[in-house]
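First up is the structure itself, then whatever we jot down about it.
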Amino acid sequence: MPPNKMSRRDVLNYMRAIAVYPIARHLIPGDEAQLPQLVPRRSAAAQPVLTLVNPRLAHPIFVEPGGECNIEVETTAWLDPARWSVLLSTDLGAAWSCQVVDTSDQGIDYGRRAGWRLRVKVPSDITPELMILRVSHLDAAGPLEEARAVSVVPSLWTDGYLLHLTDEHVMFDSVKHYACENPRSGYRSADLVRWATPVVNVLNPRLVINSGDQAHQYATTGYRYTYNEDIYRCYLTAKRGYRVPSMMVLGNHEVHEKDAAQRARDWARWEGLAGRRYYHIRLGSLWIFAHDYLDPASKAFIEERYPASFSGGDVDGRIIVQHHTSAYGYRPSERYAPTAMLIGHLHSQRVESRWPYPILMSAAAHNYATASMIRIARRNDRWTTNATDDWARCGLRLVGDNGDPNIAVTYAQPNDGSARANRVTITNKLVQGFNDGRIRLVLADGRYAVRGGNVLHRYRIAGGKAVVLVQIDVAARDGLELEVTAQTSTLADMSTALEPADPPQIVEPANAANNAPLDSRDGELAPLDPGATRDAELLTPQVYLPLVR
């Protein structure tokens, strides 16, 4: 019987193993002086390139303080599992190191790519905010960084609410462009996204769901309106101010419906900038499935993955998100009824169907940033929603004429870290109240009491400043006032009272110029986004291959 042949990987692993024992080095053929080359240290030029696959801007991940989540990194290189590091930080610069508790190189992106899946444990003392993710490996180029990628939630099991926006139809960066000036036809600009951002942040929905036609690049016939491929960047850059997670799918005005080659380029461009086009995300036991109805691969994905979710015991609710009506997209049978389906496309606030499950269509967000609030509750081990009971009242204009916010926040003192006391007034003009809103106070270093709200977390940032995160409950068409006072009387006491047992690191936040509002000159589009690394490539799904060790 012939002996078993060793693979190249087996030989290399064997040689690495015995090279660490001097007594065994004479067993290896060749010049002993060359032995150190058996385990070479990678030079900077030879470092493998990493690509973050999940989470991305279009599909964030959710985790509770002290909980665990998965991060997926694409590479064809084998890397030492012990040399990964993960850092989460707020936009203000407070950062927490996360423990990598497990690694796997058995394929990522639903098994279509080679790479590493990292199981990460989040510190129990982390602030419950939307985080910037930073992933690095000591032997690889990097680090990788993705803003607004990880949402830390106090509890993923409590009742909450989602916000659905569809058909924003951003055409230009500036509302001053002639095509964006008329509020009756919609402000159709990235300025409208920026106007609505402070309102979204105060509302603090668990997730913002954008269900297509965020950008308006084509007419349905395929005619290009903007003549500029930067319209994707224009829209995504406008969302830099979001402090809540948002998921996105594409619609018919963002990709070419007639030209398959151009459509593939549009898909590749979106994936380079924002992430996957079809996927599922988990909010605890509530799963959300996103579907790109123009892509047959997307249809195959949801037809396989969605029914399979009923075979497990850890899913208590499901929401399907797609742009077009269910007649053109995906419509599961009664056997696989979701909690709800969210759609757009027809610019109308209406219930398309009530049985066997609610199919809810929202009005176009290009008019006054109109959004729909969807309340979710977990009852008898199932996620439910009562949104169909009064769907018309679920539609909310986040802003009025010229961007006037319909939830306004004013501060008696500057909220910039200079004040040691403050009074905050929140005015809600909406027909819906919200019980999980957020106000983030930036004060001089110290410990503070807040009357009128629930303090969720305190931490320090650079410049001798303290951050206090406050949960607020505001009724419909009502207001709330927060009174912020120092709990200590001397500066010495105030400078030490905040110190936690394991304080977060302080990192310098990104250059303010990168997050500042864009130039509002007529029709100017967003600048080049450094995250767009694969604009010109046609991204085709890869079959999983083992990593090269």
Side-chain angles (χ1 to χ4, degrees), residues 58-59 110 162-168 207-214 220 247-255 257 263 267 270 276-283 285-312 314-365 371-376 382-392 394-395 541:
H59 40 89
Y110 304 101
L162 313 171
L163 205 63
H164 179 215
L165 289 96
T166 188
D167 296 271
E168 291 158 291
L207 173 66
V208 175
I209 299 172
N210 299 88
S211 61
D213 283 358
Q214 287 99 187
T220 54
M247 59 168 283
M248 289 167 272
V249 295
L250 292 176
N252 57 294
H253 287 283
E254 289 155 318
V255 296
E257 289 189 280
R263 182 165 63 248
W267 284 340
W270 178 261
R276 292 166 171 159
R277 294 177 293 107
Y278 46 92
Y279 50 86
H280 82 278
I281 58 178
R282 308 178 184 185
L283 281 76
S285 61
L286 177 65
W287 287 22
I288 300 182
F289 293 82
H291 171 53
D292 182 352
Y293 81 99
L294 285 171
D295 186 359
S298 171
K299 183 178 180 181
F301 166 84
I302 197 169
E303 287 178 343
E304 175 191 357
R305 297 284 171 172
Y306 176 76
S309 70
F310 286 82
S311 62
D314 56 350
V315 187
D316 298 330
R318 300 162 183 83
I319 294 176
I320 296 176
V321 179
Q322 58 190 6
H323 177 66
H324 212 305
T325 61
S326 58
Y328 289 88
Y330 174 70
R331 189 164 185 169
S333 65
E334 180 180 349
R335 177 186 177 187
Y336 297 120
T339 306
M341 177 184 288
L342 302 180
I343 60 176
H345 186 65
L346 294 183
H347 299 200
S348 176
Q349 188 80 16
R350 71 173 193 242
V351 179
E352 186 181 87
S353 179
R354 294 178 182 270
W355 180 259
Y357 46 85
I359 301 177
L360 306 175
M361 180 185 298
S362 291
S372 297
M373 180 178 280
I374 302 159
R375 299 187 185 276
I376 53 173
R382 288 290 181 269
W383 287 101
T384 62
T385 180
N386 62 357
T388 52
D389 297 344
D390 195 358
W391 184 239
C394 292

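For the numbers below, each heavy atom of this structure counts, side chains included, while hydrogens, waters and symmetry mates do not. Just so it is clear, the structure is predicted and the values come from calculations on it, not from any experiment.
- Atom OH of Y328 and atom NE2 of H323 lie 12.5 Å apart (nearest 0.5 Å).
- For S372 (side chain) and G395 (main-chain N/O), no donor-acceptor pair under 3.5 Å exists by modelled atom type.
- With sequence neighbours left out, Y279 forms a side-chain contact (heavy atoms from CB on, under 4.5 Å) with H59, Y110, M247, V249, R276, I281, A290.
- Listed by chain and residue number, R393 satisfy the salt bridge (charged side-chain N to carboxylate O under 4.0 Å, His left out) test with D390 (two or more places apart in sequence, or in another chain).
- Minimum interatomic distance between E257 and Y293 (heavy atoms only, all atoms of both residues): OE2-OH, 3.8 Å.
- Here the closest heavy-atom approach between residue A363 and residue T166 is recorded as O-CG2, 3.8 Å.
- Atom CG of L207 is separated from atom CG of L283 by 6.0 Å, given to the nearest 0.5 angstrom.
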| request: Take I359 and R331, measure what side-chain contact (heavy atoms from CB on, under 4.5 Å) needs, and give me the verdict at the end. | output: CA-CA 10 Å; I359 301 177; R331 189 164 185 169; 3.6 Å; yes

| request: Kindly determine whether Y278 and L250 satisfy side-chain contact (heavy atoms from CB on, under 4.5 Å), including the steps that lead there. | output: CA-CA 9 Å; Y278 46 92; L250 292 176; over 6 Å; no

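- Shown here for P332 and P338, the closest heavy-atom pair between the two residues is CG-CD, 4.0 Å.
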| message | Could you go through N252 and H345, starting from their C-alpha distance and side-chain angles, then the distance that decides it, and tell me whether this counts as side-chain hydrogen bond (donor to acceptor under 3.5 Å, both in side chains)? | response | CA-CA 8 Å; N252 57 294; H345 186 65; 3.2 Å; yes

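- For the atom pair D167 CG and S211 OG, the distance stands at 6.5 Å (nearest 0.5 Å).
- A distance of 11.0 Å separates CE of M361 from OG of S353, quoted to the nearest 0.5 Å.
- Here the rule is side-chain contact (heavy atoms from CB on, under 4.5 Å) with L360, and of I343, I319, L342 only L342 fits it.
- Residues Q322 and I302 fail the side-chain proximity criterion, which asks for heavy atoms closer than 4.5 Å.
- Contact record, R335 with F310: O-CE2, 4.3 Å, taken as the closest heavy-atom pair.
- The minimum heavy-atom distance between A387 and C394, with the atom names listed, is O-SG, 3.9 Å.
- Considering every non-hydrogen atom in both E254 and D213, the closest pair reads OE1-N, 2.9 Å.
- A side chain to side chain donor-acceptor pair (under 3.5 Å) check over residues 294-309, counting only residues at least two apart or in different chains, returns the pairs R277-D295, H291-S298, S309-R318.
- For the atom pair CE (M248) and CG (N210), the distance works out to 6.0 Å, reported to the nearest 0.5 Å.
- At least one side-chain heavy atom of W267 sits under 4.5 Å from a side-chain heavy atom of D292.
- With a 4.5 Å cut-off on side-chain heavy atoms, M341 and P358 do not count as touching.
- One distance of note links CH2 of W383 with OG1 of T339; it measures 9.5 Å at 0.5 Å rounding.
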